[in-house]
Asks: 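Structure below; questions to follow.
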2 protein chains.
Amino acid sequence: MAVDRKKLIIDAATKSFSLFGYKATTMDQVAKIANVGKGTIYTYYANKEDLFKEIIGKMIEEMENEALAAINPELSFSENLHLVLYQVLEFRREHQLMVKLFQEEQEMRTPAVIEMLQEVENAIIAFISWRLKIAITKGYIKECDPQLTAFIMLKMYISLIVDWERTHRPLDKEAIAALFELYLIKGLSL
Amino acid sequence: MAVDRKKLIIDAATKSFSLFGYKATTMDQVAKIANVGKGTIYTYYANKEDLFKEIIGKMIEEMENEALAAINPELSFSENLHLVLYQVLEFRREHQLMVKLFQEEQEMRTPAVIEMLQEVENAIIAFISWRLKIAITKGYIKECDPQLTAFIMLKMYISLIVDWERTHRPLDKEAIAALFELYLIKGLSL
DNA sequence: AATTTGACCAATTGAACAAAACGGTCAATT
DNA sequence: AATTGACCGTTTTGTTCAATTGGTCAAATT
């Protein structure tokens with residue numbers, strides 16, 4: 001085997017999507033960066049969106065691995081929850097492709113991008129939901145709908161980090177952990 | 001005094017903003033509906049945005065009154081919190097002007113509309129924050145930053161009602177109250 | 001004299017058209 | 001059998017220009 005053209009294509013597309021976003025990435029460009037004829041791309045992927053899906057899929061896998069790696073069995077459930085969610089949002093903030101896609105979602109509303117980001121959100125919720133089920137079984141937390149609870153947790157976390165920072169000074173990692181513990185785990189009642 | 005031209009203008013503008021949104025409402029149209037020369041509008045308001053601001057201000061007042069009216073002193077703090085937030089979101093859902101503005105915000109991203117909706121959100125948060133301060137003083141709930149807590153409450157509430165409904169079957173009023181109580185007041189810890 | 005008005009102005013918008021760029025195909029090439 | 005890029009129909013982009021817009025102000029009205 002001389003060169004793995006499929007890998008060349010994925011690498012080229014990942015680079016271009018990260019640099020220019022989905023819409024601004026052309027198949028000609030991907031072919032050129034990959035040093036491959038445009039037709040070759042279509043022997044591996046049915047269309048542009050299909051290529052995009054594969055790359056997002058790999059990114060989700062990567063994110064899940066990082067989230068799993070963040071879990072520390074020696075710490076409490078709520079501390080781990082914080083670590084995982086923080087890891088996820090850091091991933092969102094640091095990975096060029098992710099940053100570019102969020103930008104494109106709210107600036108250009110590219111349908112394919114909106115769809116894929118929903119996919120990413122679903123994957124995150126599924127991951128948290130999975131950990132919640134374990135926590136409930138082991139009796140670490142109350143009975144609750146894991147799906148809905150994971151949804152609320154992610155939304156609250158995003159609110160605390162992304163939305164709050166839009167109009168106020170950012171909260172540091174410890175402050176977020178404390179707030180999350182207060183609001184969701186302990187509750188406001190005395 | 002023959003006719004209150006200022007009131008004619010406000011009524012006309014409110015009607016037009018509610019029917020067509022901010023961008024699609026022209027000053028000529030407002031003048032025509034109000035049966036007033038266009039120049040007259042500019043004796044009361046410096047520009048279109050100024051007129052818009054006045055109308056949003058009146059709407060916020062109306063919303064605050066309805067929120068206050070929803071409070072029932074015989075019920076617990078958390079029940080009242082639910083009533084107020086539910087009232088606010090019902091207002092958002094039912095008032096034609098509000099509906100139109102949310103539509104315009106996400107479809108056309110009109111800057112003046114985005115700015116005013118931020119103003120509305122601030123007013124809601126200020127209102128909840130005020131009630132929270134009272135609750136803390138009276139010892140109904142734990143010490144916490146009222147501003148930040150109100151922010152989180154509104155965001156969580158919007159998540160439960162608006163965002164959740166986008167991909168799942170809607171939660172009824174009682175379910176939302178129970179979830180709000182579970183997540184924010186009691187907490188997930190055993 | 002004070003208030004109200006709509007013709008008027010500069011700036012913005014959007015319809016219409018042409019040109020360029022796009023995703024995807026496939027006959028020719030390796 | 002695998003790879004390619006010229007080619008095709010469609011979509012997007014750039015450009016023009018007339019119509020519309022927010023805002024002004026001299027004239028008309030009270």
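Note: hydrogens, waters and symmetry copies are ignored here, and every other heavy atom, side chains too, is used. So that the names make sense, note that chain A is the first sequence line, chain B the second, and so on, each numbered from 1.
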Asks: From CZ of F20(A) over to P of dA21(C), roughly how many Å is that when rounded to an integer?
Replies: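 Rounding to the nearest Å, CZ of F20(A) and P of dA21(C) are 16 Å apart.
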Asks: Select one nucleotide: of dG14(C), dG23(D), dT13(D), the one nearest the side-chain heavy atoms of K23(B).
Replies: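 Output: dG14(C).
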Asks: Apply side-chain hydrogen bond (donor to acceptor under 3.5 Å, both in side chains) to E61(B) and N65(B), showing your working.
Replies: CA-CA 6 Å; E61(B) 254 183 68; N65(B) 287 335; 5.3 Å; no
Asks: Name all residues meeting the salt bridge (Lys or Arg N to Asp or Glu O under 4.0 Å) criterion together with D145(A); count only those two or more places apart in sequence or in a different chain, and write none if there are none.
Replies: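 For D145(A), no residue satisfies salt bridge (Lys or Arg N to Asp or Glu O under 4.0 Å) once neighbours in sequence are set aside.
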Asks: Take atom CG of L51(A) and atom C1' of dG23(C), then tell me their distance rounded to the nearest Å.
Replies: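 Roughly 12 Å, once rounded to whole Å.
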Asks: Is the Lys NZ or Arg CZ of K48(B) less than 6.0 Å from the centre of Y22(B)'s six-membered ring, within 45° of the axis?
Replies: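 So K48(B) does make the cation-pi contact.
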Asks: When the distance from CD1 of I41(B) to P of dT5(C) is rounded to whole Å, what number comes out?
Replies: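 The answer, rounded to whole Å, is 10 Å.
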Asks: Rounded to the nearest Å, what distance is computed from the OH atom of residue Y42(B) to the C1' atom of nucleotide dC25(D)?
Replies: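 Y42(B) atom OH is separated from dC25(D) atom C1' by 13 Å.
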Asks: Counting only distance, no hydrogens or angles, is the base of dG23(D) paired donor-acceptor with the side chain of K48(B) under 3.5 Å?
Replies: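 Under the 3.5 Å cut-off, the side chain and the base do not form any donor-acceptor pair.
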Asks: Enumerate the residue pairs fulfilling side chain to side chain donor-acceptor pair (under 3.5 Å) with a member in residues 167-190 of chain B, sequence neighbours excluded, ordered by first and then second residue.
Replies: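 Counting only pairs at least two positions apart or across chains, the side chain to side chain donor-acceptor pair (under 3.5 Å) contacts touching residues 167-190 of chain B are T149(A)-Y183(B), S78(B)-E181(B).
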Asks: For Y22(A) and for G39(A), locate the closest nucleotide of DNA chain C by heavy-atom distance; then report the residue assigned to the nucleotide nearer the 5' terminus.
Replies: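 That would be Y22(A).
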Asks: So T40(B), base contact, sugar-phosphate only, or nothing? Heavy-atom distance under 4.0 Å.
Replies: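 Base: the residue T40(B), judged by heavy atoms under 4.0 Å, touches a nucleobase.
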Asks: Considering only dG5(D), dT4(C), dG6(C), which nucleotide approaches the side chain of K38(A) most closely?
Replies: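 Out of dG5(D), dT4(C), dG6(C), the nucleotide with an atom closest to K38(A)'s side chain is dG5(D).
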Asks: With a 4.0 Å cut-off on N to O distance, would you call D11(B) and K15(B) a salt bridge?
Replies: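 No.
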Asks: Can you tell me the distance, in whole Å, between the CG atom of L8(A) and the P atom of dA2(D)?
Replies: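 To the nearest whole Å, that distance equals 17 Å.
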Asks: Take atom CG of D50(B) and atom C1' of dG23(D), then tell me their distance rounded to the nearest Å.
Replies: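 My rounded result for the distance is 13 Å.
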Asks: Both D28(A) and T25(B) contact DNA chain D. Which one's nearest nucleotide lies toward the 5' end?
Replies: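 Mapping each residue to its closest nucleotide by heavy atoms, the 5'-most match is D28(A).
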Asks: Select one nucleotide: of dG14(C), dT5(C), dT25(C), the one nearest the side-chain heavy atoms of R5(B).
Replies: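 The closest nucleotide is dT5(C).
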Asks: Find the distance M27(A):CE to dC8(D):P and express it as a whole number of Å.
Replies: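 Those two atoms, CE and P, are 20 Å apart.
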Asks: Of the options dA6(D), dG22(D), dT3(D), whose atoms approach the side-chain atoms of T26(B) most closely?
Replies: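 My answer, after comparing the listed nucleotides, is dG22(D).
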Asks: Quick one: Y44(B) OH to dT24(D) C1', roughly how many Å, whole number?
Replies: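 So the two atoms are 18 Å apart, to the nearest Å.
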